[in-house]
Amino acid sequence: MKTGSLLFLFVLFLLPPDLLLAKEEARIWTDRDGRTVAARFVEVSGSTVVLELENGARSRVPVTTLSLEDQTLVASLRDKRPLVWPETVTVDTETLTVREGEQDAENRQHHYETDNFEFISNAPLTGRVVAEVAADLELIDAAFQALPWDWEPRSEESDLFKMYLAETEEDFIALGGTDNTSGGSRDDYAFVKFSAVGLRTLGSRYSFDPSRKEPGRVVSLGARLMTGEMRSLLKPWSARGMENFLRRVSYRSGGFHFAGLETAIKREIKLDSDRGVSLDLDRLVARLRADWGDENYRGVRQALAESHFDSMVLFYYFGYLDGDGSGEALHRYYRDVARERLVWRAYRESSGKTERPRPRDDSGSWPEWGTEHLDGLLDGRSDEELKAEIDAKFRAMGIRFE
């Protein structure tokens, strides 16, 4: 997601009317404020759509600035996009632009902005330091653009996602942190300790030391924050699995790698096994259909650890071992959830209602959200069939379930 406005629309309205006459294949495009322009669809590139005018000029427009109807159309036009993993995703910190906002030293509130995030720090930081911290967060946006999921992250509360940087333990607790953690999130913001992102004092200011930061810590927080309202449409395992996979398996050396990950997943499975989290096939498959209301891990650290572990293993299975190993069905699952979000958002904004409408199933009951997408991923397989397939694929890697 980029936060740039529909500047091209304002420019177009200054052009002579005859230049806006539509070709046969052109249509009227509308932004979220109701402004319109006639243009021809060219392509979708990441989180932007390329439109062409009668005079041949082309403009790149952030998809999230379009009307919900046009966003849905763009999603359908993406159907030809191959459902495959990108190889690598990286962000060049040298190209990150950091804008300094309000500097309130008295209240220890120092604001900085990048394309997608607002950082609120308890201590003043240089632009170069903020860019280093922001790189992992902007990396999430780059990954969501590269993955074939049609995800268009957008903060529901403001133009930018908020990330608080806590200088002291007291600052961290005040933001909602707990003991034995280094970061956390709420519905509209995330927060993390200075130490977890590699900040250390150098004289009277803070500098960035990559050797001190927790690998992938900011990545998982950013993924959770940018998933936003889609999180409630995902099954818990698919939300947690994606976050943990990105943090623990895919992330290394400041980028995401989506190929050749067998060694990485085996390493993480061993680490969790050494910590007392068992490979339990029955528990793993039961996790697939669990809903958010079924899970209450507050104060139960072992159960939460099992949930995160199972979710990561399931994500890897469907992404790299199931079927032909291409991950096509998993990509389709995430893409379908993103499109359901558009339908829900359109209903909410047109009706003013905050409760999502749910169609009754054949039994007359209300199905959980996302159930039909999960059914597509499972492709009619019973739990016993899934257990057999999962067991066989992991055994071939040298990993055995209890």
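Ring pair Phe144/Trp149 is tilted by interplanar angle, where 30° to 60° counts as tilted. The aromatic rings of Phe394 and Tyr316 sit tilted relative to each other, their planes meeting at an angle between 30° and 60°.
Residues Tyr112 and Phe119 keep their aromatic ring centres 6.0 Å or farther apart.
Residues Phe194 and Ser121 have side chains in contact (heavy-atom distance under 4.5 Å, counting atoms from C-beta outward). Side-chain atoms of Val130 and His110, non-hydrogen and from C-beta on, never get closer than 4.5 Å to each other. The shortest side-chain heavy-atom distance between Leu51 and Arg58 does not fall under the 4.5 Å cut-off. In this structure, Ser195 and Arg212 have side chains that are not in contact, with every pair of non-hydrogen atoms separated by 4.5 Å or more. Using a 4.5 Å cut-off on side-chain heavy atoms (C-beta onward), Leu73 and Arg27 make contact. Side chains of Phe41 and Trp29 form a contact here, defined as non-hydrogen atoms less than 4.5 Å apart. Between Leu330 and Asp322, every side-chain heavy-atom pair lies at or beyond the 4.5 Å cut-off. Taking the side chain as every heavy atom from C-beta outward, Arg287 and Glu306 approach each other to under 4.5 Å.
A salt bridge links Lys387 with Glu384; the closest basic N to acidic carboxylate O contact falls under 4.0 Å. A salt bridge links Lys213 with Asp136: the distance from a Lys NZ or Arg NE/NH1/NH2 to an Asp or Glu carboxylate oxygen falls below 4.0 Å.
Rounding to the nearest 0.5 Å places CE of Met226 at 13.0 Å from CG of Leu221. Here Leu374 contributes atom CG and Asp291 contributes atom CG; the two are 9.0 Å apart, rounded to the nearest 0.5 Å. Between the CG atom of Leu377 and the CG atom of Leu314 there is a distance of 9.5 Å, given to the nearest 0.5 Å. The CD atom of Glu328 lies 9.0 Å from the CZ atom of Arg335; values are rounded to the nearest 0.5 Å. Rounded to the nearest 0.5 Å, atoms CG (Asp104) and CD1 (Ile120) are 12.5 Å apart. Taking CD1 of Ile265 as the start and OG1 of Thr263 as the end, the distance is 11.0 Å to the nearest 0.5 Å.
Taking each heavy atom of Gln71 and Leu66 in turn, the nearest pair found is NE2-O, 3.0 Å. Pro236 and Ala290 get closest at one heavy-atom pair: CD-O, 3.0 Å. Here the closest heavy-atom approach between residue Leu225 and residue Phe117 is recorded as CD2-CE2, 4.1 Å. Residues Leu125 and Arg205 approach most closely at C-NH2, 3.6 Å, considering heavy atoms. In terms of heavy-atom proximity, Thr114 sits nearest to Ala134 at CG2-CB, 3.8 Å. In terms of heavy-atom proximity, Gly183 sits nearest to Phe172 at N-CZ, 3.5 Å.
With no hydrogens or angles considered, no side-chain donor-acceptor pair links Tyr334 and Ser238 at under 3.5 Å. Of the N and O atoms on the side chains of Glu102 and His111, not one donor lies less than 3.5 Å from an acceptor on the other residue. No donor-acceptor contact under 3.5 angstrom links the side chains of Asp171 and Tyr164, judged on distance only.
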In residues 84-94, what donor-acceptor pairs under 3.5 Å come from side-chain atoms, sequence neighbours left out?
residue : atom : partner : partner atom : Å
Trp85   : NE1  : Gly319  : O            : 2.9
Asp92   : OD1  : Glu94   : N            : 3.0

For residues 269-280, which side-chain N or O atoms pair as donor and acceptor with protein atoms under 3.5 Å away, sequence neighbours left out?
residue : atom : partner : partner atom : Å
Lys270  : NZ   : Asp274  : OD2          : 2.9
Asp272  : OD1  : Arg248  : NH2          : 3.0
Asp272  : OD1  : Arg275  : NH1          : 2.8
Asp272  : OD2  : Arg248  : NH1          : 3.1
Ser273  : OG   : Ile269  : O            : 2.8
Ser278  : OG   : Arg283  : NH1          : 3.3
Asp280  : OD1  : Asp282  : N            : 3.0
Asp280  : OD1  : Arg283  : N            : 2.9

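Counting heavy-atom neighbours within 6.0 Å of Glu69 CD, excluding the residue itself, gives a total of 12 or less.
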request  = Decide ring pair (Phe, Tyr, Trp, His ring centres under 6.0 Å) for Phe245 and Phe315; before the verdict, give the C-alpha distance in whole Å, the side-chain angles of both, and the deciding distance to 0.1 Å.
outcome  = CA-CA 7 Å; Phe245 172 84; Phe315 185 96; 4.7 Å; yes

request  = Report the C-alpha distance between Ile140 and Leu246 in whole Å, list the side-chain angles of each, state the deciding distance to 0.1 Å, and finish with yes or no for side chain to side chain contact (heavy atoms under 4.5 Å, CB included).
outcome  = CA-CA 9 Å; Ile140 290 293; Leu246 290 176; 4.2 Å; yes

task = May I have the step-by-step check of salt bridge (charged side-chain N to carboxylate O under 4.0 Å, His left out) for Arg231 and Glu243, ending in yes or no?
result = CA-CA 11 Å; Arg231 191 175 175 83; Glu243 295 161 13; 2.3 Å; yes

key: Check against side chain to side chain contact (heavy atoms under 4.5 Å, CB included), Arg224 and Arg240   = CA-CA 8 Å; Arg224 180 167 185 171; Arg240 293 194 177 110; over 6 Å; no

ask   = Are Leu165 and Phe191 close enough, and set up right, to give a side chain to side chain contact (heavy atoms under 4.5 Å, CB included), and what steps lead you there?
value = CA-CA 6 Å; Leu165 305 177; Phe191 51 94; over 6 Å; no

inquiry  = Checking Trp237 against Met312 for the side chain to side chain contact (heavy atoms under 4.5 Å, CB included) test, could you report, in this order, the C-alpha distance in whole Å, the side-chain angles of both residues, the deciding distance, and whether it holds?
reply    = CA-CA 8 Å; Trp237 73 265; Met312 179 181 65; over 6 Å; no

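Here the side chain of Asn122 pairs a donor or acceptor atom with the backbone of Glu167 at under 3.5 angstrom. The main-chain N or O of Leu378 is found under 3.5 Å from a side-chain atom of Arg381 such that the two form a donor-acceptor pair. Looking at Lys393, its side chain does come within 3.5 Å of a backbone N or O of Leu321 through a donor-acceptor pair. When atom types are taken as modelled, the side chain of Arg186 and the backbone of Gly176 share a donor-acceptor pair closer than 3.5 angstrom. In this structure a side-chain-to-backbone donor-acceptor pair under 3.5 Å is missing from Thr227 to Met230. At least one donor-acceptor pair closer than 3.5 Å links the side chain of Ser250 to the backbone N or O of His257. A donor-acceptor distance shorter than 3.5 angstrom exists from the side chain of Asp31 to the backbone of Asp33, with no hydrogens or angles considered. Using modelled atom types, no side-chain atom of Glu132 and backbone atom of Val129 make a donor-acceptor pair closer than 3.5 Å. Panel note: side chain Ser311, backbone Ser307; a donor-acceptor pair is recorded below 3.5 Å. The main-chain N or O of Met397 is found under 3.5 Å from a side-chain atom of Lys266 such that the two form a donor-acceptor pair.
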